[in-house]
**Student:** 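Let me begin by handing over the structure; questions about it come next.
Throughout, protein chains are lettered first and strands after them, A, B, ... in sequence-line order, and every chain is numbered starting at 1.
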Protein chains: 2
Amino acid sequence: MKKIATSTISRLSTYYRTLNTLLNKNIATVSSEEIAHINGFTSAQVRKDLSFFGAFGKRGLGYNVEKLRDEIGKILGLGKKWNVALVGFGNIGRALVDYKEFKTQGFLIKAIFDNNPQKVGEVINGIKVHHFDDSCKVAADEKIEIAIIAVPADKAQQVVDSLIGCGIKAYLNFAPVTIKTPENVRVKNENMSIELEALSYFLTRCKP
Amino acid sequence: MKKIATSTISRLSTYYRTLNTLLNKNIATVSSEEIAHINGFTSAQVRKDLSFFGAFGKRGLGYNVEKLRDEIGKILGLGKKWNVALVGFGNIGRALVDYKEFKTQGFLIKAIFDNNPQKVGEVINGIKVHHFDDSCKVAADEKIEIAIIAVPADKAQQVVDSLIGCGIKAYLNFAPVTIKTPENVRVKNENMSIELEALSYFLTRCKP
DNA sequence: AATTGTGAACCTCTTCACAGCT
DNA sequence: AGCTGTGAAGAGGTTCACAATT
């Protein structure tokens with residue numbers, strides 16, 4: 001299969017969200033120009049992104065909002081529910097358990113792992129906190145496909161190494177370190193400090 | 001000034017973190033090859049990124065860890081403390097108040113804003129929750145330079161519009177919407193669902 | 001001998017511009 | 001007439017490869 005840029009995939013997510021919003025407003029048809037304008041892209045970019053996966057519009061008319069939403073959902077694999085494990089039940093971890101957006105997009109946290117004996121056994125929103133030693137067994141039982149890494153930076157690599165051994169191939173990493181994985185494993189980073197530092201750079205360089 | 005790619009800036013943040021780690025291990029000198037290897041980049045990339053800002057190494061020897069760390073810190077504007085406001089005191093907001101990494105990188109949350117009267121007046125880690133109506137006054141008093149947006153998606157744009165009116169020019173946005181701003185204002189997005197959807201795409205497309 | 005700093009080559013992503021449908 | 005879909009052109013970012021330096 002042709003390789004698709006990660007920037008294209010991330011824009012598809014944005015289009016998906018936009019189309020859902022339009023659908024809630026009972027708007028039936030939309031042009032690439034409108035989708036672009038809402039999100040600050042160009043219309044050519046929108047059409048090009050979609051063209052990698054097929055021809056979903058009608059020339060002269062635009063796109064059917066619901067149909068395009070569903071097509072993008074299919075591309076992104078959002079038709080199914082994904083079983084997610086949360087690793088690390090500190091501040092970030094606790095916030096993520098309550099983050100509504102995950103559930104609405106079909107990402108269901110099915111298990112929580114932590115090493116702290118005081119936390120093990122706790123139940124939040126019906127989700128049980130397990131000791132990390134049991135992660136492989138629980139991951140298999142719950143058919144976990146994605147792990148969210150919310151452990152301290154110096155533990156992140158070993159946690160991921162261990163979970164790769166349990167067969168988990170996709171990670172959302174909140175720890176501020178680069179995690180090394182084999183080719184067939186994917187890590188996405190959510191690094192809040194890096195974004196803040198980009199703002200710091202901007203404010204420092206771009207004084208009025 | 002020459003325009004620098006945002007990817008370069010984000011890698012500089014990574015180098016900065018790497019150099020701090022090396023410094024803690026009392027390592028005095030490092031090569032571009034080593035920095036690259038730790039983070040999964042190429043050595044040419046590391047040298048090119050640095051070259052936009054100056055010549056910090058010694059040919060044949062490499063870079064002095066502490067000196068390079070300080071130079072990158074200077075580039076990113078990390079020499080000073082940044083005063084940050086947190087807008088929205090829900091799940092995400094509460095987690096961010098306790099997020100240690102912000103403080104260690106010099107980003108100090110000085111004020112919290114929320115509309116909920118039950119939350120207004122609350123004090124966390126010595127930080128007071130103010131009503132959003134008072135945001136301009138408090139932002140001025142606390143010399144706020146950066147705002148973290150942790151409000152629901154449908155409120156994010158109006159919150160930012162209002163804060164731009166108070167003179168805040170840099171935003172870290174956790175709401176899953178595209179925020180429109182004038183040229184001289186910068187928004188960085190921290191969109192966890194987009195990253196998860198990229199993992200969903202990967203798992204769907206790249207089956208073994 | 002080792003490693004930097006950098007122009008040039010290369011590759012990837014974005015935008016243009018227009019033929020082709022509706 | 002209006003808007004999509006797309007090859008080609010353009011812009012931007014990354015890697016190469018080597019002269020310069022310690």
Side-chain angles (χ1 to χ4, degrees), chain A residues 1-15 18-19 22 27-72 75 178 194 198 201-202, chain B residues 1-15 18-19 22 27-72 75 178 194 198 201-202:
Chain A
M1 208 200 73
K2 182 165 67 274
K3 204 179 146 295
I4 306 291
T6 63
S7 48
T8 290
I9 301 305
S10 120
R11 280 190 301 269
L12 286 179
S13 289
T14 304
Y15 306 155
T18 301
L19 292 164
L22 294 174
I27 294 167
T29 296
V30 69
S31 68
S32 58
E33 178 55 39
E34 289 169 298
I35 298 175
H37 181 255
I38 291 170
N39 295 294
F41 304 136
T42 67
S43 65
Q45 180 81 81
V46 173
R47 295 197 301 277
K48 180 63 96 180
D49 285 339
L50 295 173
S51 77
F52 296 130
F53 298 96
F56 307 119
K58 283 211 187 347
R59 295 173 194 231
L61 301 175
Y63 303 87
N64 175 287
V65 174
E66 185 168 13
K67 177 162 167 283
L68 184 57
R69 194 270 314 258
D70 291 345
E71 290 287 355
I72 295 177
I75 293 165
T178 306
I194 283 188
Y201 171 80
F202 166 73
Chain B
M1 207 202 73
K2 183 166 64 278
K3 205 182 146 292
I4 305 290
T6 63
S7 49
T8 290
I9 301 304
S10 119
R11 280 191 300 270
L12 286 178
S13 288
T14 304
Y15 307 155
T18 300
L19 292 163
L22 293 173
I27 294 167
T29 296
V30 69
S31 68
S32 59
E33 178 55 39
E34 291 169 297
I35 297 175
H37 181 255
I38 291 170
N39 295 295
F41 305 134
T42 67
S43 64
Q45 180 82 80
V46 173
R47 294 197 301 279
K48 181 63 94 178
D49 285 338
L50 295 173
S51 77
F52 296 129
F53 299 95
F56 307 118
K58 284 215 184 351
R59 295 174 194 230
L61 300 175
Y63 302 87
N64 176 286
V65 174
E66 185 166 14
K67 176 162 166 285
L68 184 58
R69 194 270 312 262
D70 292 344
E71 291 287 357
I72 294 177
I75 293 164
T178 306
I194 283 188
Y201 171 80
F202 166 73

**Student:** Could you tell me the separation between the CG atom of B/D49 and the C1' atom of D/dG13, rounded to a whole number of Å?
**Tutor:**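 Taking CG of B/D49 and C1' of D/dG13, I get 10 Å after rounding.
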**Student:** Is the distance from OP1 or OP2 of C/dT4 to the nearest side-chain N or O of B/S32 less than 4.0 Å?
**Tutor:**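 Yes, such a contact exists.
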**Student:** May I ask you to check whether B/S51 and B/R47 show a side-chain donor-acceptor distance below 3.5 Å?
**Tutor:**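 Absent: no donor and acceptor within the cut-off.
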**Student:** Please state how far atom CD1 in A/I35 lies from atom C1' in D/dT4, giving the value in whole angstrom units.
**Tutor:**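 Distance check: A/I35 CD1 to D/dT4 C1' gives 12 Å.
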**Student:** A side-chain contact here means heavy atoms from C-beta on lying under 4.5 Å apart; do A/F53 and A/L50 qualify?
**Tutor:**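 No. Closest side-chain heavy atoms not under 4.5 Å.
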**Student:** Between C/dT15 and A/R47, is there an OP1 or OP2 to side-chain N/O distance shorter than 4.0 Å?
**Tutor:**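 No, outside the criterion.
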**Student:** Rounded to whole Å, please give me the gap between CG in B/L12 and P in D/dG13.
**Tutor:**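 That distance rounds to 14 Å.
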**Student:** State whether the distance check finds a donor on one side and an acceptor on the other, under 3.5 Å, for side chain A/R59 versus base C/dT22.
**Tutor:**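 When only heavy-atom distances are counted, A/R59 does not reach the base of C/dT22 through any donor-acceptor pair under 3.5 Å.
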**Student:** Nearest of D/dA17, D/dG5, D/dT15 to any side-chain atom of B/Q45?
**Tutor:**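 The nucleotide sitting nearest to the side chain is D/dT15.
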**Student:** Check every strand shown and say whether A/S43 touches a base, only sugar-phosphate, or nothing at a heavy-atom separation below 4.0 Å.
**Tutor:**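 The residue A/S43 makes no contact with any strand.
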**Student:** Is the phosphate of D/dG5 approached by A/Y63 (side-chain N or O, under 4.0 Å from OP1 or OP2)?
**Tutor:**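 Yes, A/Y63 has a side-chain N/O under 4.0 Å of OP1/OP2 on D/dG5.
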**Student:** What's the closest nucleotide to the B/S31 side chain, out of C/dT3, D/dG7, C/dT22?
**Tutor:**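 Closest nucleotide among those given: C/dT3.
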**Student:** CZ of A/F56 versus P of C/dC21: gap in Å, rounded?
**Tutor:**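 In whole Å, C/dC21 P lies 18 Å from A/F56 CZ.
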**Student:** Is there side-chain contact between B/I4 and B/I9, with heavy atoms separated by less than 4.5 Å?
**Tutor:**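 Yes, close enough: below the 4.5 Å cut-off.
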**Student:** Going by distance alone, is a donor N or O of one side chain under 3.5 Å from an acceptor N or O of the other, for A/T18 and A/N39?
**Tutor:**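 On atom types as modelled, these side chains qualify, holding a pair under 3.5 Å.
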**Student:** Which sits closer to the 5' end of DNA chain D, B/T6 or B/A44, going by the nucleotide each is nearest to?
**Tutor:**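 Counting from the 5' end, the first nearest nucleotide belongs to B/T6.
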**Student:** Can you tell me how far the CD1 atom of A/I72 sits from the NZ atom of A/K67, to the nearest 0.5 Å?
**Tutor:**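 It is 11.0 Å, given to the nearest 0.5 Å.
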**Student:** Between D/dG2 atom P and A/L61 atom CG, what is the distance in whole Å?
**Tutor:**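 About 12 Å, once rounded to whole Å.
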**Student:** Given D/dT15, D/dG5, D/dT22, identify the nucleotide with an atom nearest to the side chain of B/T42.
**Tutor:**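 Nucleotide nearest to B/T42's side chain: D/dT15.
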**Student:** Just by distance, do the side chain of B/E34 and the backbone of B/S31 share a donor-acceptor pair under 3.5 Å?
**Tutor:**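 Side chain of B/E34 to backbone of B/S31: a pair is present.
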**Student:** Counting only side-chain heavy atoms from C-beta out, which of D/dT15, C/dT15, D/dT14 sits nearest to B/K48?
**Tutor:**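 That would be D/dT15.
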**Student:** What's the CZ-C1' distance between A/F41 and C/dT15, to the nearest Å?
**Tutor:**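 Taking CZ of A/F41 and C1' of C/dT15, I get 15 Å after rounding.
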**Student:** Nearest-nucleotide wise, let me know which of A/A5 and B/K58 is further upstream toward the 5' end of DNA chain C.
**Tutor:**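 Result of the comparison: B/K58.
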**Student:** Mind calculating the distance between CG (A/L68) and C1' (D/dT4) to the nearest angstrom?
**Tutor:**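 Distance, rounded to whole Å: 12 Å.
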**Student:** Using atom CD1 of B/I9 as one end and atom P of D/dG13 as the other, report the distance to the nearest whole Å.
**Tutor:**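 The answer, rounded to whole Å, is 11 Å.
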**Student:** Quick one: on DNA chain C, does B/F52 or B/G60 contact a more 5' nucleotide (nearest heavy atom)?
**Tutor:**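 Between the two, 5'-proximity favours B/G60.
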**Student:** Would you classify A/S7 as touching base, sugar-phosphate or nothing, given that sugar-phosphate means primed atoms plus P, OP1 and OP2, and contacts are heavy atoms under 4.0 Å?
**Tutor:**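 Answer is sugar-phosphate: A/S7 comes under 4.0 Å of backbone atoms only.
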